**Student:** 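My questions all concern the structure below.
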Amino acid sequence: MQGAWHSSFGERKTLTQQSACLDNPHANILKLTFPYNEEAIPRVKEIPGRQFIKSGKCWLFPPSLNSIATVKQLFPSVTLTESVAALEKLFHVEQSRIQAVFLERSGFPAPDADRSVIKAYKDRIRKLLIRDFGWRDDDKTGFIRNIDLYPNQLYGLLHLLSSREHALLWQPGCMKTMALVAAMAYRLYKRQARRILIICPLAVNRVWREAIHAHSRLRYSVIAGDPDDRRSALSADAPIDIIHYDALRIHEDDLIKRQYDMVVCDESQRIKTASAQRSQAAYKLGAVASFRAIASGTAISQSQADIFGQYKFLDCGATFGTLIGAFRERYFHKLPGLSFDKYVFLERKQTEFTNLIYAKATRFLLRECADLPEVVTQPYEVNLTADQWKVYKTLKRELVIRFTEGTVSAKNILTEIVKLNQIASGFVMTQEGKTVELPSNAKLAAIDEICEDHITNDNKLVIWCYFRWDIERLMRHLTKYRPVCAYGATRGAGTDASIDSFKTDPNCKIMIANPQSIGLGQNFAAVSNTCCFYSRDYSLDNYEQGWRRLLRVPQNRTVLVINMIATGTIDENIARSHERNQDASDEVLNNWPRILK
C-alpha cells in the first residue's frame, strides 16, 4: 500500500553526478538542495506537496517514505542528515507495523458471530497492543476505563498507534470517538504528547465531553462561549482542548502558541474546501504537530475531490499534494462548454486513488461493527393546497423568465429554486427578507397524523427540518407533545438542554431539529426508532446524518424513515436524488428546465 505512489513514477534514470542533500529542518518538512539541473527539476516536481523556495534555492515537501525513496532513486549519492535517517527508520517501522495490522482485518468477526469468536479476535488485537505499545485497559491502571472496546475500535486503535497520521473513515454509528479517545489517552500517558487539540463541529462538542469524562481520567478545556470564557479556556493547563471549526480562524494565533503535539479533526469533511479559512487554520496547526488524525463517516459526499483538503491536513500533502489544481489535473477531467466549472473523476484512476487513501485510513461499515436492525424508508405524499399551488406556479413562471433572459450562475439557480421548497413548506420569503405564512399548508395538516401514528409510550419522534420557519411553526403547532428543538438559534447550551430533555423527560415526545445542528455524533437510538423529514435541502450528507442518529447501538427495533413529499414539486427531485445516493444539487443544475416546466 505504502508503495503505491512511488510505483506510479515508473522506471527512472538516476542522476549519478549530482551532489544533493536531504534535511529535516522542521517537523513535517523535508528540505532538498542540489546544483541546478534541468533534468532533475521535472522529477522533483512529481513529489506530492513539493514547493520551491527561491530565497533558499531549495525544495520543501512533506516527509514520507515514498518521497525519501524518490530522492534516493533520483540522487543515489544524496547525503541524508541524521534527522532524515532517523525519520526514514521510523517510517520503515511504521510501515511494517501497518502491514501487520492490515492482516488482522482478514479475521475480523461479523457482529452476529459467536461470542467466543469475537472474544478471540479482541484478545489477539490486545496482545498486539500490549506487545508493541504496552497497552493497558483495566479500570484501575488502564489508559481508558469503564468500557470494553468493540473489535473495530481496537483495530482502529492499533492503526492510530502504529503511525503518526491516520484517517478513520468509518460509517456513522461505528463509534469512532472512543477509538480516538483511547489513542489520545495513550499518547498523553506515554508522554508522546503534552497537549492535544480536538477540532469538531459545535454539535459534536458534547459527544467528546461525555466520552472523555466517562471513559478516561483526562482533563479537558472547551474553547467556546463568550470572549471571556474563550480566553479563560485558552489559558487553562488541561492537556486536551476542544474547539469548533468556526472558532479556528478567530483563535488561530493563540492556538498555534499552545504548540499541540496531536491534532484531531472530527467530521473532517468540514475542511474539504482547502481554500476556506477554517481549513487554512487547521493546516497550520497540523503542520507543527507530531500526530494527526481525521474522522468522518462522509469524507466523500459530493465528489472524490472532497478528500483532497482532508488529506492535506492529515499528511501535509504527502499523499495528494498541496495544490488543488495539480490534484484535479491528475484525477479529473473538466467538462467543456459549461457556464460553471464541472469536473468528472477519471475512472481509470480509481484503483490508484483508492490505494492512496487506504494506505493511511481504515473504513468500516455499520453492518460490520454492530448487529443492528434494518432501515425502512416510507414516502409520505401530500398534495399542495390551492393557495400553495397558486404561489408555486407563479414563482415557476418567474424563474423560467429570469433564467432564460441572461447568464445565471450555478449558485443563483440553486438559491432561487430553493424558494419552491419553501412554498411546499407553507411560506414564502419576500424580497425584504420577511417570512409570509400561506393561508393553508398541506404538510402542517399531515404532520398531526404522523404524530398520532408513531408516538407511543415507548417511542418518541424526531422531525428533521431544513428551514428555520418550519421548526418554529412546528414548535407552536405540536405543543401537546412537549417538543424541544435544536437549530441555529439554540446553539450551545440551548441545544444541550433540548437533547437532555428529549432523552430523559418521558413527557417530551418530539425533537424538531435541523440535521446541520445536531445531525453529527448524537445518538437517539435509546428513545426513538422513527424520524420524519418534514423538509430537506439538497445535501445527501445532511439527509443520511439525520436518520443515522437512530441507527446506532443500542437500537433493537426497525428504523422507520418517513419522507414527506409534496407531489409535483421540487420535493420529488430531491427525493429521487437521495434515493440514488446523490446530492440533489446536480439534479437541479442539470434539469432545471424540466423542473420548472
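We use all heavy atoms of the structure for the numbers below, so side chains are in, but hydrogens, waters and symmetry mates are not. No experiment lies behind these values; they were computed from the predicted model shown.
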**Student:** To the nearest 0.5 Å, how far apart are CE in Met262 and CG in Leu285?
**Tutor:**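 Met262 CE to Leu285 CG: 14.0 Å, rounded to 0.5 Å.
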**Student:** Check whether the side chains of Gln310 and Ser268 place a donor and an acceptor atom closer than 3.5 Å, and report yes or no.
**Tutor:**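 Per modelled atom types, Gln310 and Ser268 side chains form a pair under 3.5 Å.
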**Student:** Is Arg136 close enough and on-axis enough to Phe143, meaning under 6.0 Å and within 45°, for cation-pi?
**Tutor:**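 Verdict for Phe143: a cation-pi partner in Arg136.
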**Student:** So, Arg258 side chain and Leu234 main chain: donor-acceptor pair closer than 3.5 Å or not?
**Tutor:**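 Flag set: sc Arg258 to bb Leu234 pair under 3.5 Å.
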**Student:** Does a side chain donor of either Trp170 or Asn152 reach within less than 3.5 Å of an acceptor in the other side chain?
**Tutor:**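 No, Asn152 and Trp170 have no side-chain donor paired with an acceptor closer than 3.5 Å.
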**Student:** Salt bridge check, Arg580 against Asp586: does any charged N sit closer than 4.0 Å to a carboxylate O?
**Tutor:**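 Salt bridge absent between Asp586 and Arg580.
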**Student:** With sequence neighbours left out, write down each residue that passes side chain to side chain donor-acceptor pair (under 3.5 Å) with Lys190, or none if nothing qualifies.
**Tutor:**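 Result, side chain to side chain donor-acceptor pair (under 3.5 Å) vs Lys190: none returned.
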**Student:** Do the charged groups of Lys443 and Asp571 touch, with an N to O distance under 4.0 Å?
**Tutor:**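 Asp571 and Lys443: salt-bridged.
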**Student:** For Asp496, is there any backbone N or O sitting under 3.5 Å from a side-chain donor or acceptor partner on Arg206?
**Tutor:**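 Yes, the answer is positive, given that a donor and an acceptor are paired below the 3.5 Å cut-off.
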**Student:** Name the residue from Glu472, Met429, Arg468 that meets the side chain to side chain contact (heavy atoms under 4.5 Å, CB included) definition with Thr435.
**Tutor:**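 Of the listed residues Glu472, Met429, Arg468, the side chain to side chain contact (heavy atoms under 4.5 Å, CB included) partner of Thr435 is Met429.
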**Student:** Pick from Asn383, Val382, Leu384: which one makes a side chain to side chain contact (heavy atoms under 4.5 Å, CB included) with Thr567?
**Tutor:**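 Testing Thr567 for a side chain to side chain contact (heavy atoms under 4.5 Å, CB included) against Asn383, Val382, Leu384 leaves exactly one candidate, Asn383.
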**Student:** Assess whether side-chain contact (heavy atoms from CB on, under 4.5 Å) is satisfied between Tyr538 and Val418, documenting all intermediate values.
**Tutor:** CA-CA 9 Å; Tyr538 300 128; Val418 140; 3.6 Å; yes
**Student:** Do the side-chain N and O atoms of Asn542 and Tyr466 include a donor-acceptor pair separated by under 3.5 angstrom?
**Tutor:**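 Per modelled atom types, Asn542 and Tyr466 side chains form no pair under 3.5 Å.
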**Student:** Please name all residues satisfying salt bridge (Lys or Arg N to Asp or Glu O under 4.0 Å) with Arg473, sequence neighbours left out, ordered by chain then number.
**Tutor:**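 Arg473: salt bridge (Lys or Arg N to Asp or Glu O under 4.0 Å) contacts with Glu437.
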**Student:** As an exercise, state the distance from OG of Ser535 to CG of Asn421, rounded to the nearest 0.5 Å.
**Tutor:**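 Ser535 OG to Asn421 CG: 6.5 Å, rounded to 0.5 Å.
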**Student:** Considering non-hydrogen atoms only, spot the tightest contact between Thr385 and Ala442 and give its length.
**Tutor:**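 Smallest heavy-atom distance, with atoms named: CG2-N, 3.9 Å.
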**Student:** Can a salt bridge be assigned to the pair Asp123 and Lys119 using a cut-off of 4.0 Å between side-chain N and carboxylate O?
**Tutor:**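 Here Asp123 pairs with Lys119 in a salt bridge, since their nearest N and O are under 4.0 Å apart.
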**Student:** Hey, can you tell me if His166 and His159 have their rings parallel, tilted or perpendicular (30° and 60° cut-offs)?
**Tutor:**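 It falls in the parallel class, under 30°.
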**Student:** Identify the two heavy atoms, one from Trp547 and one from Cys531, that lie closest to each other, and give their separation to 0.1 Å.
**Tutor:**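 What the structure gives for the nearest pair is CB-SG, 3.9 Å.
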**Student:** Using the side chain to side chain contact (heavy atoms under 4.5 Å, CB included) definition, which of the options Ile307, Ile294, Thr298, Asp306 pairs with Gln269?
**Tutor:**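 Per the side chain to side chain contact (heavy atoms under 4.5 Å, CB included) rule, the option paired with Gln269 is Thr298, out of Ile307, Ile294, Thr298, Asp306.
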**Student:** Would you find a donor on one side and an acceptor on the other, under 3.5 Å apart, between the side chain of Gln171 and the backbone of Leu366?
**Tutor:**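 Yes.
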**Student:** Examine distances only and state if a side-chain atom of Asn529 and a backbone atom of Thr558 form a donor-acceptor pair shorter than 3.5 Å.
**Tutor:**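 Yes, because the side chain of Asn529 sits within donor-acceptor range (under 3.5 Å) of the backbone of Thr558.
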**Student:** So, for Pro483 and Leu478, which heavy atoms are closest and what is the spacing to 0.1 Å?
**Tutor:**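 Heavy-atom minimum between the residues: CD-O, 3.2 Å.
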**Student:** Rounded to the nearest 0.5 Å, how far does NE2 of His578 lie from CD of Glu544?
**Tutor:**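 Taking CD in Glu544 and NE2 in His578, the distance rounds to 8.5 Å.
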**Student:** If we ignore hydrogens and angles and just use 3.5 Å, is the side chain of Tyr487 paired with the main-chain N or O of Ser517 as donor and acceptor?
**Tutor:**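 Checking the backbone N and O of Ser517 against the side chain of Tyr487, no donor-acceptor pair under 3.5 Å is found.
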**Student:** So, using salt bridge (Lys or Arg N to Asp or Glu O under 4.0 Å) as the criterion, who are the partners of Arg482 when residues are at least two apart?
**Tutor:**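 Here the qualifying residues are Asp505.
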**Student:** Spell out, as yes or no, whether a donor-acceptor pair under 3.5 Å connects the side chain of Thr362 to the backbone of Leu168.
**Tutor:**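 Checking the backbone N and O of Leu168 against the side chain of Thr362, no donor-acceptor pair under 3.5 Å is found.
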**Student:** Go through the side-chain N and O atoms of Asp541 and Ser539 and say whether any donor and acceptor fall under 3.5 Å apart.
**Tutor:**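 No donor-acceptor contact under 3.5 Å links the two side chains.
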**Student:** Taking only residues two or more places apart in sequence, or in another chain, which ones meet Thr504 in a side chain to side chain donor-acceptor pair (under 3.5 Å)?
**Tutor:**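 Thr504 satisfies side chain to side chain donor-acceptor pair (under 3.5 Å) with no residue once adjacent residues are dropped.
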**Student:** Does Arg105 make a cation-pi contact with Phe364 (under 6.0 Å, within 45 degrees of the axis)?
**Tutor:**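 Verdict for Phe364: a cation-pi partner in Arg105.
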**Student:** Is the side chain of Asn441 donor-acceptor paired with the backbone N or O of Ser425 at a distance under 3.5 Å, no angle test?
**Tutor:**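 Flag set: sc Asn441 to bb Ser425 pair under 3.5 Å.
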**Student:** Might you point out which heavy atoms bring Cys532 and Leu461 nearest each other, and give the distance in Å?
**Tutor:**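 Minimum heavy-atom separation between Cys532 and Leu461: N-CD1, 4.3 Å.
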**Student:** Excluding sequence neighbours, so at least two apart, what forms salt bridge (Lys or Arg N to Asp or Glu O under 4.0 Å) with Arg278?
**Tutor:**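 With neighbours one apart ignored, the set is Asp246.
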**Student:** Of the non-hydrogen atoms in Ala282 and Cys265, which two are nearest, and what is the gap between them?
**Tutor:**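 For Ala282 versus Cys265, the nearest heavy atoms are CB-SG, 4.4 Å.
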**Student:** Would you mind listing every salt bridge (Lys or Arg N to Asp or Glu O under 4.0 Å) that reaches into residues 448-465, with sequence neighbours excluded?
**Tutor:**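 Listed by first then second residue: nothing to list.
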**Student:** Give, for atom CD1 of Ile565 and atom CZ of Phe533, the distance between the pair rounded to the nearest 0.5 Å.
**Tutor:**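 Answer for the CD1-CZ pair, Ile565 versus Phe533, is 11.5 Å.
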**Student:** Rounded to the nearest 0.5 Å, what separates atom CG in Asp583 from atom CD1 in Ile574?
**Tutor:**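 CD1 of Ile574 is found 10.5 Å from CG of Asp583.
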**Student:** Can Arg536 be said to sit on top of Tyr543's aromatic six-ring, NZ or CZ under 6.0 Å from centre and within 45° of the ring axis?
**Tutor:**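 Yes, Arg536 sits over the ring of Tyr543.
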**Student:** Would you say the side-chain atoms of Ser232 pair up with the backbone N or O of Asp228, donor to acceptor, closer than 3.5 Å?
**Tutor:**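 Looks like no, no N/O pair under 3.5 Å.
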**Student:** If you measure from OH on Tyr155 to CG on Leu149, what distance do you get to the nearest 0.5 Å?
**Tutor:**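 These two atoms lie 15.5 Å from each other.
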**Student:** Would you name the heavy atoms of Leu255 and Ile243 that are closest together and state the gap between them?
**Tutor:**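 Closest heavy-atom pair between Leu255 and Ile243: CD1-CD1, 3.8 Å.
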